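When reading the values below, keep in mind they use all heavy atoms of this one structure, side chains included, and skip hydrogens, waters and symmetry mates. In this text the structure is predicted, and so the values were computed from the model without any measurement. Just so we're on the same page: letters track the sequence lines, and every chain starts at 1.
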Amino acid sequence: MVTITLPDGSTKEYDNEVTPAQVAKDIGPGLAKAAMAAEVDGQIVGLDYLIPDGNEAALKLFTKKDPEALGVMRHSAAHVMARAIMKLFPGVQLAFGPTIDGGVYYDFDLDHKLSDEDFEMIEAEMKKIIKADEPFERIEANREEALNIVSDLGQEYKVEHIRDGLTEHSQLSFYRQGEFIDLCRGPHIPSAGAIGAYKLLSVAGAYWKGDSDNRQLQRVYATAFFDKAGLDEHLTKIDEAKRRDHRTLGRQLGLYHIDEMSGQGLILWTPKGSVIRKKLQEFIETRLERQGYHQVFTPHIGKLDLYKTSGHFPYYQESQYPALINRDYMQKLADEDCSFSDLSDAMAEGEIEGYLLKPMNCPHHVKIYDSQQRSYRDLPIRLFEFGTVYRWEQSGEIGGLTRVRGFTQDDAHLFCTEDQLADELKGCLELVKLVFASVGMEDYSVRIGLRDKDSDKYVGDPQDWDKAEDACRQAATTLGKPFIEEEGEAAFYGPKIDFVVNDCLGRKWQLGTVQVDYNLPIRFDLSYIGADNQPHRPVMIHRAPFGSMERFIGVLIEHFAGAFPLWLAPEQARVVVVSQKFEEYGRQVEAQLREAGMRVSGDYRAEKIGAKIRDAQLELIPYMLIVGGREMENGEVSIRDRIDGDLGAMSVAGAIAKFEDEINNRVVRKTFSGSAGLVSRDAQNEY
RNA sequence: GCUGCUGUAGCUCAGUGGUAGAGCACUUCCUUGGUAAGGAAGAGGUCACGGGUUCAAGUCCCGUCAGCAGCUCCA
């Protein structure tokens, strides 16, 4: 006896075990045909799933309209793709093929290098398979049977996976579709015919089991939808995201430049991009001063001794630019006939003398703290700096503004007592919140990075770590935002609270960060004199609300799709003259705005006004000031808003007041909605 | 760092072994206009760089550098 409860509360009873397919059929032939997958007691299953006898079960049936069915179908599409590739390239070894956000991928090991040119052929083969509409058939097997099946198929990765990965499973399952059999948990749609529209998107290398010591496989990314409209919409979205990409917009709007000759991952800020960076810096500077921070400046390089003491040089040499060796030390090595390999060894041992491009600002700030005796009455001491650091990121990882080799942190180091730690952490988090709010960026996530207790890469006392991890948790709860805790994500010197956002392509980037450090004060033997007249060890906090100015601005460009709010816009207004007759008046207006502190330019070209407006609009300039005979007579300007269009005429003073108000309040308006095609209409990203 | 793809004018791109192209941008001239593209002419290229194959290379091969996608890494 099986009692099935449907979502509307109605029940059906069966004498024996029953499948969702049977229940669908009993409800109606239409549903039986439309059903793609089901959910039994919260678990997504195929329509052939056997609901065992003697049970009560809550059953939901999913049709093409349900997102749950889409995921199941995409996984089926992955099987079809694998089947097609196997048919075209015999001998291919299958690895993993899961569904991911927006589609699926499947990892293959085959000698033929797949490329975009193969996609059409593969898609054509998939078309045949889908047209044949063969069912997906589930096959259950115990471990021994399963191993026999995969060995018979010659699928070595599957053999390894059953042996080493699925050790907990006594019973395994396969799905068969025609001649294609794959080890698979399922579920699948009933038959391939329901895969309506699909497309192979890209191919890239991926290591077996994500380990760079393992063989590299070919990962084919694809997506599938039940109908063509869904696929088209998805592809349009990908297209829009590309146009929103900060690398594209950065070039179009002339915000920054990276030159092959000056170096990979080293940003050259143009005047326009520099405005954005400067305005963000000014904004946070005034906040920091109000919060009792003190600005400092430190050099771009420091002696190796500094980084030997801090631990950076011995621990993280591969991620640093090589050391700058002292001239006389170099001579001494030469005199000793030191070979390159000797030098390399000496370097690895940290036994050389010289300087390092600074990978972090903290050691310098520590030395400022330590430059005089500190009393508990002085604490907390908060030192901030827009400090530029250099890190040797792997070449394949570098791109745009989000992953670079030289970047400027809005860095600060707080030195406080144990008792002050919790409050100081809260203050840091407030600042991060403020930064995100100031640009209307609300869809960030909070992650607490804890240590991986099994790893030995961390320095410091486990008890201190426990204390610090607790302090982070407590501070994070004051944010009033959900946060996740991730083991193994801590810095080597302490736990941290990271603020993570997605870019327009869905990639995650860490921006703001707040990190507790018990380690550096010990390494540098920092102290303060307590009320008991005894020396005590201060606790350090590293924090950077923006994280890196480069990365933050990269994400910000995408957030605004290049249409910056007035307070950040590189060019805030452009005077557009109706004809060149009014150039003199136009220049007067321009001068008045500039006098009022605005970033303004004038367009006096011998072009028609429509063309000048179009150009300004495409440059995403917030306001155009149209001046012609009418305006000149009345000493006015006509304001054209980037978003709302013609706002009519007003006095120059009135216009300035309007702009100043918008700037001073750092108004973030709903995005520009013109036809420049620069804006994604994704509702989640409206601002 | 690894795998694959790509590199032609300022930008976006066409050009599959036989005299380097288009659109936009730029310069000049004409046009002087009322809220998203007026017209004409001109200038602009060591086809990323270095080797090789060939009578002949932008085109084929190898290497380097850089970009893109993903993987790995990210104090």
**Student:** Can you list the residues that meet the salt bridge (Lys or Arg N to Asp or Glu O under 4.0 Å) rule with Arg403(A), with sequence neighbours excluded?
**Tutor:** Glu393(A), Glu397(A)
**Student:** Under a 3.5 Å cut-off for both distances, is rC60(B) Watson-Crick or wobble paired, and to whom?
**Tutor:** rG52(B)
**Student:** Classify the side chain of Tyr207(A) and the base of rG1(B) as holding, or not holding, a donor-acceptor pair under 3.5 Å.
**Tutor:** yes
**Student:** Starting at CG of Leu253(A) and ending at P of rA25(B), how long is that distance when rounded to a whole Å?
**Tutor:** 17 Å
**Student:** Take atom C1' in rA43(B) and the same atom in rG50(B), then report the distance between them in whole Å.
**Tutor:** 31 Å
**Student:** Map Gly645(A) and Gln264(A) onto RNA chain B by nearest heavy atom, then report which one ends up closer to the 5' terminus.
**Tutor:** Gly645(A)
**Student:** Can you list everything that forms a side-chain hydrogen bond (donor to acceptor under 3.5 Å, both in side chains) with Arg391(A)? Sequence neighbours excluded, please.
**Tutor:** none
**Student:** Suppose we screen for side-chain hydrogen bond (donor to acceptor under 3.5 Å, both in side chains). Which residues come up paired with Glu619(A), at least two apart in sequence or across chains?
**Tutor:** Arg574(A)
**Student:** Would you indicate whether Lys272(A), at its atom NZ, is surrounded by more than 12 heavy atoms from other residues, nucleotides or ligands within a distance under 6.0 Å?
**Tutor:** yes
**Student:** Rounded to the nearest Å, what distance is computed from the CD atom of residue Glu486(A) to the P atom of nucleotide rC74(B)?
**Tutor:** 13 Å
**Student:** Just jot down the side-chain hydrogen bond (donor to acceptor under 3.5 Å, both in side chains) partners of Asp410(A), sequence neighbours excluded, or say none.
**Tutor:** none
**Student:** Please determine, for rC47(B), whether a Watson-Crick or G-U wobble partner exists with both distances under 3.5 Å, and give it or none.
**Tutor:** none
**Student:** Test of understanding: with salt bridge (Lys or Arg N to Asp or Glu O under 4.0 Å), list the residues that count as partners of Asp525(A), not counting sequence neighbours.
**Tutor:** Arg537(A)
**Student:** Between the base of rC73(B) and the side chain of Arg403(A), is there any donor-acceptor pair under 3.5 Å?
**Tutor:** yes
**Student:** Starting at CG of Leu266(A) and ending at C1' of rG67(B), how long is that distance when rounded to a whole Å?
**Tutor:** 15 Å
**Student:** For rG18(B) versus rU59(B), give the span between their P atoms, rounded off to a whole number of Å.
**Tutor:** 11 Å
**Student:** Who does rU32(B) pair with, Watson-Crick or G-U, both distances under 3.5 Å?
**Tutor:** none
**Student:** Taking only the P atom of each, what is the distance from rU8(B) to rU46(B) in whole angstrom?
**Tutor:** 13 Å
**Student:** Would a 4.5 Å heavy-atom cut-off, applied to side chains only, mark Asp644(A) and Arg669(A) as touching?
**Tutor:** yes
**Student:** Sort out the partner of rC73(B) for me: Watson-Crick or G-U wobble, both distances under 3.5 Å, none otherwise.
**Tutor:** none
**Student:** For residues Cys428(A) and Ile541(A), report the shortest heavy-atom separation together with the two atoms involved.
**Tutor:** SG-CG2, 4.2 Å
**Student:** Taking only N and O in the side chain of Arg507(A), is any of them less than 4.0 Å away from OP1 or OP2 of rG70(B)?
**Tutor:** yes
**Student:** Give every pair of a protein N or O atom and an N or O atom of nucleotides 38-43 of chain B that lie under 3.5 Å apart, one pair per line with the distance.
**Tutor:**
unit_1: rG38(B); atom_1: OP1; unit_2: Glu607(A); atom_2: OE1; d: 3.3
unit_1: rG38(B); atom_1: N7; unit_2: Glu607(A); atom_2: OE1; d: 3.4

**Student:** Round to a whole Å and report the spacing from CZ of Arg614(A) to C1' of rG33(B).
**Tutor:** 18 Å
**Student:** Between rC2(B) atom P and Asp211(A) atom CG, what is the distance in whole Å?
**Tutor:** 16 Å
**Student:** Given rU35(B), rA75(B), rG34(B), identify the nucleotide with an atom nearest to the side chain of Glu631(A).
**Tutor:** rG34(B)
**Student:** List in numerical order all residues of residues 580-588 of chain A for which some heavy atom is under 4.0 Å away from an atom belonging to RNA chain B.
**Tutor:** Gln580(A), Lys581(A)
**Student:** Considering only heavy atoms from C-beta outward, does the side chain of Gln320(A) approach that of Phe313(A) to under 4.5 Å?
**Tutor:** yes
**Student:** Over all strands shown, is Ser212(A) touching base, sugar-phosphate only, or nothing at heavy-atom distances under 4.0 angstrom?
**Tutor:** sugar-phosphate
**Student:** Tell me, please, which residues at least two apart from Arg614(A) pass salt bridge (Lys or Arg N to Asp or Glu O under 4.0 Å).
**Tutor:** none
**Student:** Roughly how many Å is it from CZ in Arg605(A) to P in rG34(B), rounded to a whole number?
**Tutor:** 17 Å
**Student:** Taking side-chain hydrogen bond (donor to acceptor under 3.5 Å, both in side chains) as the test, write out the residues that go with Tyr198(A), two or more places apart.
**Tutor:** none
**Student:** Tell me, for nucleotides 4-12 of chain B in 5' to 3' order, what letter each nucleotide earns: B for a base near a protein heavy atom under 4.0 Å, S for only sugar-phosphate near one, - for neither?
**Tutor:** S------SS
**Student:** rA36(B), rG33(B), rG70(B): which one has an atom nearest the side-chain heavy atoms of Arg640(A)?
**Tutor:** rA36(B)
**Student:** Paired with rA37(B): which nucleotide, if any, by Watson-Crick or G-U wobble criteria at under 3.5 Å for both distances?
**Tutor:** none
**Student:** Describe, in one word, how the ring planes of Phe415(A) and Tyr369(A) are oriented to each other, choosing from parallel (under 30°), tilted (30 to 60°) and perpendicular (over 60°).
**Tutor:** parallel
**Student:** Please give, in whole Å, the distance from rG70(B) P to Ile238(A) CD1?
**Tutor:** 11 Å
**Student:** Quick check on RNA chain B: between Gln216(A) and Ser319(A), whose nearest nucleotide comes earlier from the 5' end?
**Tutor:** Gln216(A)
**Student:** In the strands shown, is rA25(B) matched to any nucleotide by a Watson-Crick or G-U wobble pair with both distances under 3.5 Å, and which?
**Tutor:** none
**Student:** If you go through the side-chain atoms of Arg247(A), does one of them form a donor-acceptor pair with the base of rC68(B) closer than 3.5 Å?
**Tutor:** no
**Student:** Closest to the Ser638(A) side chain: rC2(B), rA75(B), rU35(B)?
**Tutor:** rU35(B)
**Student:** Closest approach to the side chain of His312(A), judged atom by atom: which nucleotide of rA75(B), rC71(B), rA36(B) is it?
**Tutor:** rA75(B)
**Student:** My understanding is that a pair needs two contacts under 3.5 Å, Watson-Crick or G-U wobble. By that rule, which nucleotide pairs with rG4(B)?
**Tutor:** rC68(B)
**Student:** What integer distance in Å separates Glu550(A):CD from rC74(B):C1'?
**Tutor:** 16 Å
**Student:** Counting the atoms with a prime plus P, OP1 and OP2 as sugar-phosphate, which does Arg551(A) contact under 4.0 Å by heavy atoms, base, sugar-phosphate, or nothing?
**Tutor:** nothing
**Student:** Enumerate the ring-ring contact (aromatic ring centres under 6.0 Å, His included) contacts for residues 601-624 of chain A, please, sequence neighbours excluded, ordered by first and then second residue.
**Tutor:** Tyr623(A)-Phe659(A)
**Student:** Only counting residues at least two apart or in another chain, list the ones meeting salt bridge (Lys or Arg N to Asp or Glu O under 4.0 Å) with Asp498(A).
**Tutor:** Arg447(A), Lys496(A)
